[in-house]
Amino acid sequence: MWDSAKEPRNLRVGELSTCHEITRVMGSLFDPSMKKNLIHHCSKILSKRLKVAHKYGPCSPLKKEKSKIPSLHQILIDDQTRVNSIHSRTSNQQSLVADSTAKLPANSGNSLGTGDFVVRLGFGTPEQNFTVIFDTGSDLTWIQCQPCATQCYTQQDPYFNPSASSTYSNIPCDSDACSQLSSAGYSQSSCTTDCLYQVTYGDGSYSQGNFATDTLTLSSSDAFTNFEFGCGQNNQGTFGTVDGLLGLGRSQISMISQTALTYGELFSYCLPSTTSSTGFLAFGTQAGSSSTPQYTPLLTNSNYPSFYFLNMTGISVGGKKLSIPESVFIISGTIIDSGTVITRLAPTAYSALRSAFRQAMSKYPAAASPDSLFDTCYNLSGYTTITVPTIVLHFGGGTDLNVDKSGILCEVSSDIYCLAFAGNNADTDLEILGNMQQQTFEVVYNVAKEKLGFGAGACS
């Protein structure tokens, strides 16, 4: 049973293709009959609710002919780059301290060094529509703007035209908003008249331009005037063809803080497990309405106020809790991040997980890993079904995350499947709950009430 933390999971091998299928699914899009069926499938889902889907999948709003699909190897390299950037920002000094509604279509991708997700938004009056990455590990929202004073990368939609919006305004240097930008670490040093922003990501991608206000539109009934965002005129990097980024972090300039009076600092998402299935991104009272979440305390760290910290307390494999001292999790600290793909554990915790998993999988032939990130892989050629032990991540408050089948093993090459977790370099490195292990759960961020929930089976 998939809702059991103890029973082994009997899986069809074809169900375990999550990692590799991003680079494989695109071939089917050029089969006219397959493409027609997939579009019909997406349309049925859209009529029920606004969606989340993989960036390179058939339900994505991005035009496939403009998207360069990265290899799995490049995805994992980029994912490690993001992890390195997070670890660099936290400097191994973690210490844990204790409405209206809207839903948006969101779609998963692989830029910014991550398996990111994207959402369709409107800016300006009249509304101009854009597809942007949404990221719980970032605060600043920005889009590319005309004129590109220095350079802009090629994106799917026309660049935002501020002169065509009657509600656009640059933020002055001496404003409180510009001071908040500076406090969040996104301001340029040179500011004489108009407030200027700059943001650089772990993989070297960057955006620079004017810090401005305009109307942000999420739906016909949800629009926010004077929304503060970056109007980028110098942008380069691994953004793919997306138009910008929506920051869902915790600082005063994030979308969550700016819409707090309407949504009460409450949002959720459900990330789909395959490129052809869909999920959702919800704000306000819609968050938590698609499942029955178990809640764990949402913690803060005053040194890194933008991150969403959790108290991980243990791990179980096949219904048996592993002998990992809780101090291991306290030393490292744990954040949940929508942009990191593979969950990173303290070496002590990962070693215990790996040993138990290998023992449970001993009847299957081990295989050399095609990628250095993974060290526990199996050759499943010739197998139609396999039995995989359950993996449960335990959190404070008695909350358990019974990892979905899609977050346990992933296909990394033909017939080779690997344990979809990785170890950090040191026990002091921050642990990161990645998006692969969050798949199919509604993850509810109730920032105001300082709790985070996991609701099982909210999307496929």
Side-chain angles (χ1 to χ4, degrees), residues 46 50-56 59-67 102-112 114 116-135 138-149 151-170 197 199 201 205-220 222-248 253-256 258-259 267 269 280-281 283 338-339:
L46 276 170
L50 299 174
K51 65 186 177 68
V52 169
H54 284 279
K55 175 179 176 183
Y56 294 111
C59 300
S60 172
L62 296 176
K63 296 179 176 64
K64 306 303 179 296
E65 65 272 14
K66 293 185 178 180
S67 299
K103 283 193 176 182
L104 301 175
N107 310 266
S108 165
N110 298 285
S111 54
L112 273 186
T114 68
D116 302 303
F117 294 79
V118 300
V119 65
R120 193 77 172 160
L121 301 174
F123 285 87
T125 307
E127 178 183 350
Q128 303 172 48
N129 292 305
F130 303 96
T131 299
V132 298
I133 297 165
F134 73 84
D135 185 9
S138 299
D139 297 303
L140 177 70
T141 296
W142 61 267
I143 54 176
Q144 296 198 99
C145 291
Q146 298 178 11
C148 289
Q151 59 183 342
C152 288
Y153 60 88
T154 301
Q155 66 178 42
Q156 161 170 296
D157 301 293
Y159 301 131
F160 178 62
N161 184 359
S163 63
S165 173
S166 63
T167 48
Y168 176 88
S169 179
N170 287 328
Y197 81 91
V199 56
Y201 299 97
S205 302
Y206 63 87
S207 178
Q208 299 175 336
N210 289 308
F211 194 43
T213 63
D214 209 333
T215 298
L216 170 69
T217 301
L218 305 186
S219 69
S220 59
D222 292 76
F224 299 88
T225 59
N226 299 314
F227 182 80
E228 299 166 2
F229 71 105
C231 191
Q233 297 180 348
N234 182 16
N235 321 283
Q236 286 298 316
T238 57
F239 301 114
T241 59
V242 297
D243 307 331
L245 183 143
L246 177 67
L248 300 181
I253 66 170
S254 76
M255 186 266 190
I256 302 307
Q258 290 194 59
T259 61
F267 71 99
Y269 54 71
F280 59 84
L281 171 65
F283 296 97
S338 68

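Numbers here simply count residues along the sequence, with the first being 1.
- Residues Y201 and S207 have side chains that never bring a donor and an acceptor to within less than 3.5 angstrom of each other.
- Panel note: side chain S165, backbone T125; a donor-acceptor pair is recorded below 3.5 Å.
- Residues S138 and L245 meet the side-chain proximity criterion, which asks for heavy atoms closer than 4.5 Å.
- When the side chain to side chain contact (heavy atoms under 4.5 Å, CB included) test is applied to N129, the partners found at least two apart in sequence or on another chain are R120, E127.
- Atom-to-atom distance recorded for N210:CG and Y168:OH is 4.5 Å, nearest 0.5 angstrom.
- In summary, the side chains of D157 and Y159 do not present any donor paired with an acceptor at a separation below 3.5 Å, with no hydrogens or angles considered.
- Residues Q233 and P147 meet the side-chain proximity criterion, which asks for heavy atoms closer than 4.5 Å.
- Using a 4.5 Å cut-off on side-chain heavy atoms (C-beta onward), L218 and L121 make contact.
- The aromatic rings of W142 and F239 lie perpendicular to each other, with more than 60° between the two planes, well past the 30° mark.
- From L246, atom CG reaches atom OG1 of T131 across 12.0 Å, with rounding to the nearest 0.5 Å.
- Judged by distance alone, with hydrogens and angles left aside, the side-chain atoms of Q156 form no donor-acceptor pair with the main-chain N or O of V242 at under 3.5 Å.
- F134 and Y269 have tilted rings, their planes meeting at an angle from 30° to 60° on a 0 to 90° scale.
- Looking at heavy atoms from C-beta onward, F283 lies out of side-chain contact with D222 at the 4.5 angstrom threshold.
- Using modelled atom types, one side-chain atom of Q128 and one backbone atom of N161 make a donor-acceptor pair closer than 3.5 Å.
- For T259, the side chain to side chain contact (heavy atoms under 4.5 Å, CB included) partners at least two apart in sequence or on another chain are F224, M255, Y263.
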